[in-house]
Amino acid sequence: SGTTLYYQPGLLHGGRIEHDCHPQRSIGYYLEALLYLAPFMKRPLKAILRGITNDQTDPSVDTLKVTALPLMKRFRIDGEGLELKVVRRGMAPGGGGEVMFSCPVRRFLKPIQLTDPGKIKRIRGIAYSVRVSPQIANRIVDSARSILNKFLPDIYIYTDHMKGANSGKSPGFGLSLVAETTNGTFLSAELVSNPQGQGSPVLPEDLGKNCAKLLLEEVYRGGCVDSTNQSLALLYMALGQQDVSKIQIGSLSPYTIEFLRHLKSYFQIIFKIEAQPMEEQKGGDKVLMTCIGVGFSNISKTVT
């Protein structure tokens, strides 16, 4: 039902798992938990998750692929084993999508110093549509570009129209955008059409423009990690070696504030939070988060 959690203390075994996700939440909801745990398993994880790939509540698989995976590489969780792949798309409410996630294991996490996000150099995105006209994805791209082209020439938005068995059980469309900076920071924004039979229909043009504005808002917030992945970065910093880690982020999201309270109760770790002065033409208020890692070591990893 999604209201109870069965917890069995012990080692995280990893290996190959398959799971049918509940249709009330998207696969991104389950992936977030896996991203926290995957590097600390006994064997490299290979998870196949089935359900809804894109919805209006949780981060989509597309967004996590282009923002969370590069962030994990900063902590030296990299290599050929790190992959997130959309095999089939599934929109709410029917689902029918499938995602494959694989992640290598690490004994230690590297401390990081990310204090300069850099300047935006390019914008990439993916406009997807399933069980609707393929032309809708092109209309989304044109409307998003009409806003973003005023700021930057290097914009490329891919269209992804899946057919037949790969298109899931419900119609829908959406857009996922990501802005990359000169220092390798990724800031993302996304929007999805209303699920079939819920709310009023959304025009592809409106969706494209609104998503572009959301991306500009995320760029205004700034920081070295976007608001979706703030908690992931802070967890990896807390679990890192006993050394100083620093990261500059935009204003803290309510989810991150609650997450910091959990970190304090579980690991007795407190971050030093410094408000950064607002620089000329550099967007919203920034926060510098500093902590010393607890020196967590993955004892279940087999020694090679």
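Basis for what follows: all heavy atoms, side chains included, without hydrogens, waters or symmetry-related copies. This one's a predicted model, so the numbers in the text were calculated from it and none came from an experiment.
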Engineer: So how far is it from Ser176 OG to Lys65 NZ, rounded to the nearest 0.5 Å?
Structural biologist: 10.5 Å

Engineer: Is a salt bridge present between Glu205 and Lys209, judged by a nitrogen-to-oxygen distance below 4.0 Å?
Structural biologist: no

Engineer: Please tell me whether Phe151 and Ile157 are part of a single hydrophobic cluster in this structure, the criterion being side-chain heavy atoms less than 4.5 Å apart.
Structural biologist: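 Shared cluster, yes.
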
Engineer: Strictly distance-based, threshold 3.5 Å: is any side-chain N or O of Glu190 a donor or acceptor partner for the main-chain N or O of Ser60?
Structural biologist: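 The answer is yes, because a donor-acceptor pair under 3.5 Å joins these two groups.
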
Engineer: How about Ser227 and Glu218: does a side-chain donor come under 3.5 Å of a side-chain acceptor?
Structural biologist: yes

Engineer: Drop me the distance from Asn298's CG to Leu11's CG, to the nearest 0.5 angstrom.
Structural biologist: 9.0 Å

Engineer: Do Leu69 and Leu49 share a hydrophobic cluster (ILVMFWY, side-chain heavy atoms under 4.5 Å, transitive)?
Structural biologist: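 Looking at the clustering, Leu49 is in the same group as Leu69.
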
Engineer: Does a side-chain N-to-carboxylate-O contact under 4.0 Å join Lys110 and Asp78?
Structural biologist: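 Looking at Lys110 and Asp78, the cut-off is not met.
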
Engineer: Return the minimal non-hydrogen interatomic distance between Ser129 and His161, and the atom names on each side.
Structural biologist: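 So the minimum-distance heavy-atom pair works out to OG-ND1, 2.9 Å.
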
Engineer: Verify the distance criterion only: is there a donor paired with an acceptor across the side chains of Ser245 and Asp243 at less than 3.5 Å?
Structural biologist: no

Engineer: For Thr181 and Gly118, work out which heavy atoms get closest and say how close.
Structural biologist: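 Looks like CB-C, 4.1 Å.
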
Engineer: Could you tell me whether Arg221 atom CZ has more than 12 heavy atoms of other residues or ligands within 6.0 Å of it?
Structural biologist: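 Atom CZ in Arg221 is packed in, count exceeds 12.
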
Engineer: For residues Tyr128 and Asp62, is any side-chain donor paired with an opposing acceptor at under 3.5 Å?
Structural biologist: no

Engineer: Following the transitive rule for hydrophobic clusters with a side-chain heavy-atom cut-off under 4.5 Å over Ile, Leu, Val, Met, Phe, Trp and Tyr, establish whether Phe186 and Val219 coincide in one cluster.
Structural biologist: no

Engineer: State, to 0.1 Å, how close Pro195 and Gln56 come at their nearest heavy-atom pair, and which atoms those are.
Structural biologist: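 Distance-wise, the nearest heavy atoms are CD-OE1, 3.8 Å.
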
Engineer: Using a 6.0 Å cut-off, check whether atom CD of Glu18 has over 12 heavy atoms from anything other than its own residue.
Structural biologist: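 For Glu18, atom CD is crowded (more than 12 foreign heavy atoms under 6.0 Å).
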
Engineer: Indicate if Leu260 and Ile269 have the same hydrophobic cluster label, given that clusters are the connected sets of ILVMFWY residues with side-chain heavy-atom separations under 4.5 angstrom.
Structural biologist: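 Same hydrophobic cluster.
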
Engineer: Looking at Leu114, Thr256, Ile249, which one forms a side chain to side chain contact (heavy atoms under 4.5 Å, CB included) with Met289?
Structural biologist: Ile249

Engineer: Group every Ile, Leu, Val, Met, Phe, Trp and Tyr by side-chain heavy-atom contacts under 4.5 Å, then state whether Val244 and Leu239 land in the same group.
Structural biologist: no

Engineer: Taking atom NZ of Lys121 as the centre, report whether more than 12 heavy atoms of other residues, nucleotides or ligands fall under 6.0 Å from it.
Structural biologist: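 It does: Lys121 NZ has more than 12 such atoms within range.
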
Engineer: Would you mind telling me which of Phe75, Tyr36, Phe296 makes a ring pair (Phe, Tyr, Trp, His ring centres under 6.0 Å) with Tyr236?
Structural biologist: Phe75

Engineer: Which of parallel (below 30°), tilted (30 to 60°) and perpendicular (above 60°) describes His262 and Tyr266?
Structural biologist: tilted

Engineer: Please determine whether a side-chain nitrogen of the Lys or Arg among Asp154 and Arg124 lies less than 4.0 Å from a carboxylate oxygen of the Asp or Glu.
Structural biologist: yes

